[in-house]
J.: 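Could you have a look at this structure, given as structure tokens, before my questions?
Residues: numbered from 1 along the sequence shown.
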Amino acid sequence: MSPPRRLPPDFSRSAAYPLFAFDPAENRAWVLHFEADDYRRASFLDRRSLGRRDVSGWTVDRAELEAALARTAPLRDVHWLFHIGHCGSSLVSRLLDLVPGVLGLREPLPLLTLAHGREDPVVTAWEAPVLASLARGFADSTAVIVKPTSVVTTLADRLLPTTGRACLLWVDLRTWLATMLRDAQLIEGVLSTEPLRLAGQPDLPAAESDGARLARAWLVEQLRWRQLAAEPELSGRLIDLDFADVLLDPAPTVARLAAHYGLQVPADWTQRIKSSELLSRYSKDGGAHFDASARRRELAVSAQKHADGIGDGLAWAQAALAESGHADLAARLQPRG
């Protein structure tokens with residue numbers, strides 16, 4: 001990264017200069033120089049987005065960042081694609097990228113830092129410039145759709161009152177347990193953030209096994225979204241979406257999601273999706289084949305291998321729903337049909 005220098009004059013309105021990361025303890029932030037294709041390629045806006053190339057940039061403090069962002073008002077609508085994790089959100093984000101005018105931001109690091117430090121004033125002081133940095137685009141951008149890391153949903157109450165519309169993407173609990181239990185790293189990724197995910201949420205029954213603890217994490221996100229949707233200031237701005245609907249009928253389902261964000265898909269929408277080959281590729285690695293059939297086969301193997309853990313999770317969730325007064329969510333425990 002090059003030595004510090006004055007940020008470009010169009011910094012406040014151009015997504016060519018992403019706020020890559022910040023260190024609140026050191027009062028430092030790193031701004032990079034991206035092209036539009038860098039965003040389209042990136043599944044994660046972290047070091048993996050840089051590849052092996054040398055990306056130029058700037059190191060700034062919070063005061064310089066705030067001053068640069070204050071030069072003009074943000075120019076783009078910012079919408080949110082929240083999700084429970086490992087539920088097809090990267091695919092949905094990439095499908096939305098096919099809508100003209102959409103700039104998709106997948107898992108920006110600054111939002112993750114804000115989520116982990118939501119009670120720390122040294123961290124929250126960066127919240128305004130982080131959000132302002134998201135509200136920028138390129139010349140052809142009309143809207144920004146942010147797909148944050150799953151744990152950032154815990155910050156949704158702070159993000160949503162001031163910006164755009166949002167969706168929570170999810171899958172049924174049985175499918176999610178089969179997805180998560182097949183990989184120890186996936187399990188650890190959720191369980192290591194339990195204190196953050198559970199903070200401020202209703203008391204739920206104790207959960208001991210991995211399956212039960214994962215089920216609790218799943219249920220907490222469902223309850224969190226219900227609480228948010230009940231807020232008067234968010235009326236009409238929040239929806240939730242079962243990823244099974246995307247797999248069942250991709251073009252109309254994603255078109256309805258785009259409409260929720262105030263966007264219109266083009267006349268050649270179905271052909272555009274087909275030509276993109278997104279439905280036959282692994283969304284985090286475009287070089288790997290992965291379609292709905294491959295997904296079903298993987299889940300079937302996992303469901304058989306981890307039947308006990310899945311059973312633990314489902315039993316915990318059924319008992320928790322009976323106690324919590326949200327029995328209607330029982331329909332979301334199993335795949336439909």
J.: Using only atom types and a distance under 3.5 Å, with no angle test, would you say the side chain of Arg106 pairs donor to acceptor with the backbone of Ala42?
T.: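 It does hold such a pair.
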J.: Is a side-chain N or O of Tyr39 found less than 3.5 angstrom from the main chain of Ala16, in a donor-acceptor match?
T.: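 No, Tyr39 side chain to Ala16 backbone: no donor-acceptor pair under 3.5 Å.
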J.: Give the minimum heavy-atom separation between Thr124 and Gly117, together with the two atoms involved.
T.: CG2-O, 3.8 Å
J.: Taking the side chain as every heavy atom from C-beta outward, state whether Gln227 and Gln201 have any atom pair closer than 4.5 Å.
T.: yes
J.: Does any N or O in the side chain of His116 come within less than 3.5 Å of the main-chain N or O of Val152, such that one atom is a donor and the other an acceptor?
T.: no
J.: So Ser275 and Gln271, side-chain hydrogen bond (donor to acceptor under 3.5 Å, both in side chains) or not? Walk me through it.
T.: CA-CA 6 Å; Ser275 299; Gln271 182 57 43; 2.9 Å; yes
J.: What is the minimum heavy-atom distance between Leu247 and Pro250, and which atoms define it?
T.: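 What the structure gives for the nearest pair is O-CD, 4.0 Å.
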J.: Run Ile239 and Leu257 through side-chain contact (heavy atoms from CB on, under 4.5 Å) and show every step you take.
T.: CA-CA 9 Å; Ile239 62 171; Leu257 179 57; 3.9 Å; yes
J.: Using a 4.5 Å cut-off on heavy atoms from C-beta on, say whether the side chain of Leu279 contacts that of Leu91.
T.: yes
J.: Does the side chain of Thr149 come within less than 4.5 Å of Phe44's, by heavy atoms?
T.: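 Heavy-atom side-chain distance check fails, nothing below 4.5 Å.
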J.: Which one of Leu159, Leu114, Leu69 satisfies the side chain to side chain contact (heavy atoms under 4.5 Å, CB included) criterion with Leu131?
T.: Leu159
J.: More than 12 non-hydrogen atoms from neighbouring residues, nucleotides or ligands closer than 6.0 Å to CG on Asp308, yes or no?
T.: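 No, the 6.0 Å shell around CG holds no more than 12 heavy atoms from other groups.
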J.: I'd like to check Leu173 versus Gln222 (side-chain heavy atoms, cut-off strictly below 4.5 Å). Are they in contact?
T.: no
J.: Under 4.5 Å between any side-chain heavy atoms of Ile187 and Leu181, yes or no?
T.: yes
J.: Arg136 and Val144: which non-hydrogen atoms are nearest, and at how many Å?
T.: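 Looks like O-CG2, 3.4 Å.
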J.: Sort out for me which residue in Arg296, Arg295, Arg297 forms a side-chain hydrogen bond (donor to acceptor under 3.5 Å, both in side chains) with Ser293.
T.: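 Exactly one candidate clears the test, Arg296.
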J.: Could you check whether atom CD of Gln264 has more than 12 heavy atoms from other residues, nucleotides or ligands sitting under 6.0 Å from it?
T.: no
J.: Could you point out which residue of Arg94, Glu107, Lys147 forms a side-chain hydrogen bond (donor to acceptor under 3.5 Å, both in side chains) with Ser89?
T.: Lys147
J.: Establish whether Leu299 and Val190 are linked, either directly or via other cluster members, by ILVMFWY side-chain heavy-atom contacts under 4.5 Å.
T.: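 Each belongs to a different hydrophobic cluster.
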J.: Do the non-hydrogen side-chain atoms of Phe22 and Leu65 ever get within less than 4.5 Å of each other?
T.: no
J.: Testing His83, Arg226, Arg332 for side chain to side chain contact (heavy atoms under 4.5 Å, CB included) with Asp240, which one passes?
T.: Arg332
J.: Do Leu238 and Leu160 make a side-chain contact, defined as non-hydrogen atoms from C-beta onward lying under 4.5 Å apart?
T.: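 Yes, side chains in contact.
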J.: What pair of heavy atoms forms the shortest contact from Trp176 to Gly85, and how long is it?
T.: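 Nearest pair, atom of Trp176 first, then Gly85: NE1-O, 2.7 Å.
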J.: Mark yes or no for whether Arg216, through its side chain, and Leu204, through its backbone, hold a donor-acceptor pair below 3.5 Å.
T.: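 No; judged by distance alone, with no hydrogens or angles, the pair does not exist.
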J.: Start with the C-alpha gap between Glu221 and Arg224, add the side-chain angles, then the distance that decides, and say whether salt bridge (charged side-chain N to carboxylate O under 4.0 Å, His left out) holds.
T.: CA-CA 5 Å; Glu221 297 305 335; Arg224 189 192 321 278; 3.1 Å; yes
J.: Tell me the closest heavy-atom pair linking Ala115 and Val151, and the distance in Å.
T.: CB-O, 4.2 Å
J.: Quick check: are there more than 12 heavy atoms from other residues, nucleotides or ligands sitting under 6.0 Å from CG of Asp203?
T.: no
J.: Classify the angle between the aromatic ring planes of Trp170 and Trp218 as parallel (below 30°), tilted (30 to 60°) or perpendicular (above 60°).
T.: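 Trp170 vs Trp218 ring planes: perpendicular.
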J.: Do the non-hydrogen side-chain atoms of Val265 and Val254 ever get within less than 4.5 Å of each other?
T.: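 Not in contact.
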J.: I'd like to know if the side chain of Asp172 and the backbone of Thr175 have a donor-acceptor N/O pair within less than 3.5 Å.
T.: yes
J.: Is the count of non-hydrogen atoms from other residues, nucleotides or ligands lying under 6.0 Å from Gln304 atom CD greater than 12?
T.: no
J.: Dump the intermediate steps for side-chain hydrogen bond (donor to acceptor under 3.5 Å, both in side chains) on Arg197 and Thr153, then the final yes or no.
T.: CA-CA 9 Å; Arg197 294 174 185 270; Thr153 305; over 6 Å; no
